[in-house]
There are 2 protein chains.
Amino acid sequence: MTPRRISRDQVLDVTWELATRKGLQAVTMRAVAQELDVNPMTLYRHVGDKQGLLDGLVERLLLEIEVPGPGLDWRGQLRLLAHSMRATARRHPDLFLLLFQRPAVTPEAVGPRNAVYGALRAAGLQEERIPRAERLLSTFMLGFAASEAGGRFRDGDPDEDMAYAERLVVRLLAAV
Amino acid sequence: MTPRRISRDQVLDVTWELATRKGLQAVTMRAVAQELDVNPMTLYRHVGDKQGLLDGLVERLLLEIEVPGPGLDWRGQLRLLAHSMRATARRHPDLFLLLFQRPAVTPEAVGPRNAVYGALRAAGLQEERIPRAERLLSTFMLGFAASEAGGRFRDGDPDEDMAYAERLVVRLLAAV
DNA sequence: ACCTGAACACCGTTCAAGT
DNA sequence: ACCTGAACACCGTTCAAGT
């Protein structure tokens with residue numbers, strides 16, 4: 001019974017580091033294995049396959065999004081959430097797109113989602129309306145952050161656009 | 001001066017067909033070349049490289065989005081636009097994500113953008129406010145369509161969510 | 001002018017074997 | 001139980017050569 005030399009966490013550590021340093025296209029099974037000084041086939045025991053490796057990366061990405069603590073009003077909470085989603089997207093533009101390709105209800109996704117729930121609740125939204133409002137608001141934030149990070153925006157100032165969007169959201173929530 | 005055997009358009013025709021039939025992962029220089037019964041290196045003269053091939057695919061994708069003709073009020077125009085963006089995303093989920101990775105101001109993108117411009121104008125929005133409103137609205141529609149097609153939504157009914165979003169947009173525009 | 005062939009430096013993954 | 005080596009079936013792209 002030889003002790004396992006590497007763990008899934010170690011694999012994801014070096015994968016995340018590699019993706020951050022050299023971009024998603026540099027993330028290959030072979031490159032990750034080399035970083036760990038291990039045979040490529042060794043990874044399969046720990047992450048399943050390439051898709052499993054990417055899934056692990058998306059977990060980390062969601063954990064990377066900063067979530068508001070206490071001491072902010074609902075407007076400040078939403079502002080911080082938008083800000084940290086945009087910052088995360090800018091740091092990992094390619095990886096960020098993968099968020100569209102998997103359910104928003106994984107265990108790692110509860111942090112951001114609960115944060116939006118909390119803000120909407122604090123804004124006085126009826127409990128039964130919160131899930132839908134969260135889906136719509138998160139979808140907009142995700143699209144905005146992905147657009148900005150991916151280079152879709154060429155006209156306009158993203159900061160000004162986001163400030164304007166914030167006013168619209170506040171207007172809609174105030175009408176409750 | 002031998003006549004050229006293939007054109008960029010022909011290359012994109014079979015690439016689009018291949019992507020539609022077997023998905024984006026099946027789009028390789030070699031597979032496209034084989035479909036045309038030509039040497040892989042031949043493609044380089046017509047599309048530059050793999051990235052150029054993908055750029056061509058995104059052109060086609062934007063052209064695929066149905067744009068409202070006359071005879072609809074602004075609300076109907078926006079509804080049709082949202083509907084056809086979602087339909088396009090569902091047909092080409094992987095390809096659709098590439099829209100986030102390039103400027104929204106390419107020649108092929110003017111169709112959809114002008115359509116949104118027209119609807120916002122018909123809704124009575126001040127001319128100077130239209131570009132920003134278009135960016136925000138298109139960003140939401142894009143994020144929604146990408147989420148739906150990519151499988152991010154697991155809770156909720158996308159049709160109901162979109163109908164609700166439509167009411168919010170109408171409310172915001174009515175306040176003008 | 002346009003197309004080809006061979007070659008280079010990679011991929012993800014299977015399968016049988018090692019310890 | 002965990003890791004390895006060799007092999008398979010691919011990639012995109014360069015470069016020199018063909019017609």
Side-chain angles (χ1 to χ4, degrees), chain A residues 1-61 92-95 97-98 101-102 150, chain B residues 1-61 92-95 97-98 101-102 150:
Chain A
M1 196 195 90
T2 26
R4 55 166 58 194
R5 299 205 12 218
I6 59 170
S7 66
R8 186 178 116 104
D9 265 356
Q10 277 172 69
V11 172
L12 293 182
D13 282 347
V14 318
T15 306
W16 178 261
E17 191 274 329
L18 190 63
T20 303
R21 183 161 45 87
K22 303 175 67 171
L24 191 56
Q25 95 293 335
V27 174
T28 68
M29 298 296 272
R30 292 171 118 108
V32 170
Q34 188 166 24
E35 211 81 20
L36 284 161
D37 209 29
V38 113
N39 187 286
M41 288 317 301
T42 301
L43 302 180
Y44 283 77
R45 188 163 302 274
H46 300 283
V47 297
D49 58 6
K50 178 79 186 282
Q51 186 56 53
L53 189 69
L54 295 180
D55 288 349
L57 236 33
V58 174
E59 289 174 23
R60 299 262 166 142
L61 189 77
H92 311 278
D94 306 326
L95 200 46
L97 286 186
L98 298 186
Q101 289 183 323
R102 62 208 72 213
Chain B
M1 197 194 91
T2 25
R4 53 167 59 195
R5 298 203 12 217
I6 60 170
S7 65
R8 186 178 116 103
D9 265 355
Q10 277 172 68
V11 172
L12 293 183
D13 282 347
V14 319
T15 306
W16 178 261
E17 191 274 330
L18 191 63
T20 303
R21 183 161 43 90
K22 301 175 66 170
L24 191 55
Q25 95 292 335
V27 174
T28 68
M29 297 297 273
R30 292 172 119 108
V32 171
Q34 188 166 22
E35 210 82 21
L36 284 161
D37 209 28
V38 112
N39 188 287
M41 289 315 302
T42 301
L43 302 181
Y44 283 77
R45 188 164 305 273
H46 301 281
V47 297
D49 58 6
K50 177 79 186 282
Q51 186 57 54
L53 189 69
L54 296 180
D55 289 349
L57 236 33
V58 174
E59 289 173 25
R60 299 263 166 141
L61 189 77
H92 311 279
D94 306 326
L95 198 46
L97 286 186
L98 298 186
Q101 289 185 324
R102 59 210 72 211

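The basis for the numbers below is simple: all heavy atoms, side chains too, and nothing from hydrogens, waters or symmetry mates.
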Answer for the Watson-Crick or wobble partner of C:dA17, both distances under 3.5 Å, is none
In this structure, CG of B:Leu61 is separated from NE2 of B:His92 (nearest 0.5 Å) by 6.0 Å
Of all heavy-atom pairs linking B:Val58 and B:Arg102, the shortest is CG1-CD, 3.7 Å
Measuring to OP1 and OP2 of D:dT19, would you say a side-chain N or O of B:Arg5 lies under 4.0 angstrom away? no
Its contact letters, B for base, S for sugar-phosphate only and - for none at protein heavy atoms under 4.0 Å, make nucleotides 5-14 of chain D read B-B---BBBB
Answer for the Watson-Crick or wobble partner of C:dG12, both distances under 3.5 Å, is D:dC8
- What do you reckon, is CD of B:Gln34 surrounded by more than 12 foreign heavy atoms closer than 6.0 Å? no
Residue-phosphate contact under 4.0 Å: A:His46 side-chain N/O, D:dC2 OP1/OP2: no
d(B:Asn39 CG, B:Met29 CE) to nearest 0.5 Å is 11.0 Å
When rounded to whole Å, the CZ to P distance for the pair B:Arg8 and C:dC2 reads 16 Å
Check whether any side-chain heavy atom of A:Leu43 lies under 4.5 Å from a side-chain heavy atom of A:Asp49, and answer yes or no.
-> no
- Between D:dA16 and C:dC2, how far is it from one C1' atom to the other, in whole Å? 15 Å
Rounded to the nearest 0.5 Å, the NZ atom of A:Lys22 sits from the CD atom of A:Glu17 at a distance of 9.5 Å
